[in-house]
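Numbering starts at 1 and runs along the sequence shown.
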Amino acid sequence: MGKTVEEICNIIAKQHTSKICADIPLHHENRSKTLSSAVCCTAPVKNNPYQALFASENLYDNLERKITEELAKAVDNNSVQRIKHIKNKYGNLKEFKSAKEFLNNKCKEIWNVYDDLKNVPKEAMKSLGITNQPDLDFILGNSLKYYEKDESKSTSYIIESTLKNKNMSYKIDDIHKYLKETAKKSKCKFNFYTVKYLIEKQNYSKDKLSDLGVEECILKKALKELSLKDKLKFYIRKSVG
């Protein structure tokens, strides 16, 4: 498929960052992996270090800038107490919602789940209701849309990579639910590589495959590619549901 899912996601994140900070002088050598550094990544503009960045993010309102800055510092310090204080003070305002959305997007860049992460402020992010974990549509959407019909191993690789990623908390049940919803919504048909992976590595029964709308001809093709041991395991699982 060319690039790995990690490389693809990193490219997308870098492109998004470049768009945000276009024509803004950055101090790369001083930047650290914090939300505050992302908020303050511009050189001073008319004594307001946030003006250029916030303007590019459509955060023109002074109160929005203030709330965003305060929340960023609280998250960086992993201070649940401070987050609660700010929520109590501003939580019912539209400016708070805008600040939260801004930081929710930023934290996915700062703490990219495909990097080797340490000291991620998970408690504060959870308290604020933001996450550095991309949703499954971001992770799997394009693969299901483009690569299943091309008989690619992309989807099985991405599922395996996602489940093994220590920076994400997705389980196979979460992925199964997403696959089922996507198949129903977009009429996606899973190819035999994906079906083979689900049988071989995720212990899928015929019932679970049927739940995804897997076609009988694809199932037969996948079974032909399995070892005798894995075929026997599948038929046993099939017989007990």
Side-chain angles (χ1 to χ4, degrees), residues 1-14 107-109 111-118 120 122 125-126 131-241:
M1 70 182 258
K3 295 183 180 297
T4 65
V5 62
E6 289 90 345
E7 291 170 336
I8 292 170
C9 290
N10 278 321
I11 288 171
I12 292 171
K14 288 176 181 177
C107 71
K108 292 173 174 60
E109 298 173 22
W111 297 291
N112 189 317
V113 293
Y114 299 107
D115 292 338
D116 183 15
L117 298 178
K118 296 178 181 178
V120 180
K122 293 182 179 180
M125 286 197 293
K126 183 178 179 180
T131 179
N132 66 317
Q133 179 173 270
D135 61 36
L136 287 173
D137 197 51
F138 175 87
I139 296 171
L140 280 162
N142 283 339
S143 183
L144 296 181
K145 184 176 181 180
Y146 299 112
Y147 298 122
E148 284 302 291
K149 57 189 175 184
D150 292 337
E151 293 294 322
S152 168
K153 296 181 180 180
S154 171
T155 298
S156 58
Y157 170 78
I158 294 173
I159 293 173
E160 184 172 31
S161 175
T162 299
L163 292 173
K164 288 182 177 180
N165 191 318
K166 63 183 181 180
N167 297 318
M168 291 193 274
S169 59
Y170 289 119
K171 306 298 182 185
I172 188 60
D173 288 345
D174 302 316
I175 292 175
H176 179 87
K177 181 180 178 181
Y178 172 77
L179 294 178
K180 180 180 178 179
E181 291 174 350
T182 302
K184 184 177 181 180
K185 182 178 178 180
S186 65
K187 309 299 182 184
C188 167
K189 300 296 183 183
F190 300 103
N191 70 40
F192 85 96
Y193 282 119
T194 302
V195 174
K196 178 177 180 287
Y197 166 79
L198 293 173
I199 295 172
E200 194 173 34
K201 301 298 184 180
Q202 299 302 329
N203 300 318
Y204 263 50
S205 65
K206 187 171 183 180
D207 286 345
K208 288 196 74 173
L209 293 173
S210 296
D211 198 38
L212 297 180
V214 172
E215 298 174 326
E216 190 67 26
C217 60
I218 299 298
L219 174 57
K220 289 180 179 179
K221 186 176 181 180
L223 289 172
K224 286 182 180 180
E225 298 290 322
L226 293 175
S227 67
L228 179 59
K229 180 181 179 180
D230 286 322
K231 283 181 185 178
L232 290 173
K233 286 182 178 179
F234 173 75
Y235 285 121
I236 292 172
R237 287 195 296 269
K238 173 187 171 183
S239 65
V240 297

In the structure I gave you, are the side-chain heavy atoms of [X] and [Y] within less than 4.5 Å of one another anywhere?
| X | Y | result |
| --- | --- | --- |
| Leu223 | Ile199 | yes |
| Ile218 | Leu209 | no |
| Gln202 | Ile175 | no |
| Gln133 | Ser169 | yes |
| Tyr147 | Lys153 | no |
| Ser161 | Asn165 | no |
| Thr194 | Glu148 | yes |
| Thr131 | Met125 | no |

Between the side chain of [X] and the main-chain N/O of [Y], is any donor-acceptor distance below 3.5 Å?
| X | Y | answer |
| --- | --- | --- |
| Ser143 | Leu140 | no |
| Lys189 | Lys149 | no |
| Asn191 | Tyr193 | yes |
| Asn112 | Glu109 | no |
| Asp230 | Glu200 | no |
| Arg237 | Asp207 | no |
| Asn167 | Tyr114 | no |

Taking atom [atom1] of [X] and atom [atom2] of [Y], what is their separation to the nearest 0.5 Å?
| X | Y | atom1 | atom2 | result |
| --- | --- | --- | --- | --- |
| Glu181 | Asp137 | CD | CG | 10.5 Å |
| Leu179 | Leu144 | CG | CG | 6.0 Å |
| Lys184 | Asp211 | NZ | CG | 10.5 Å |
| Phe234 | Lys206 | CZ | NZ | 7.0 Å |
| Tyr170 | Tyr178 | OH | OH | 10.0 Å |
| Asn203 | Lys233 | CG | NZ | 7.0 Å |

Which heavy-atom pair separates [X] from [Y] by the least distance, and what is that distance?
| X | Y | result |
| --- | --- | --- |
| Ile139 | Pro134 | CD1-O, 3.7 Å |
| Ile172 | Leu163 | N-CD2, 3.6 Å |
| Leu212 | His176 | CD2-CE1, 3.6 Å |
| Val113 | Asn132 | CG1-O, 3.4 Å |

*Start with the C-alpha gap between Lys164 and Glu160, add the side-chain angles, then the distance that decides, and say whether salt bridge (charged side-chain N to carboxylate O under 4.0 Å, His left out) holds.*
CA-CA 6 Å; Lys164 288 182 177 180; Glu160 184 172 31; 3.3 Å; yes
*Is the NZ or CZ atom of Lys196 positioned over Phe192's six-membered ring, under 6.0 angstrom from the centre and within 45° of the axis?*
no
*Flag if over 12 foreign heavy atoms under 6.0 Å of NZ, Lys122*: no
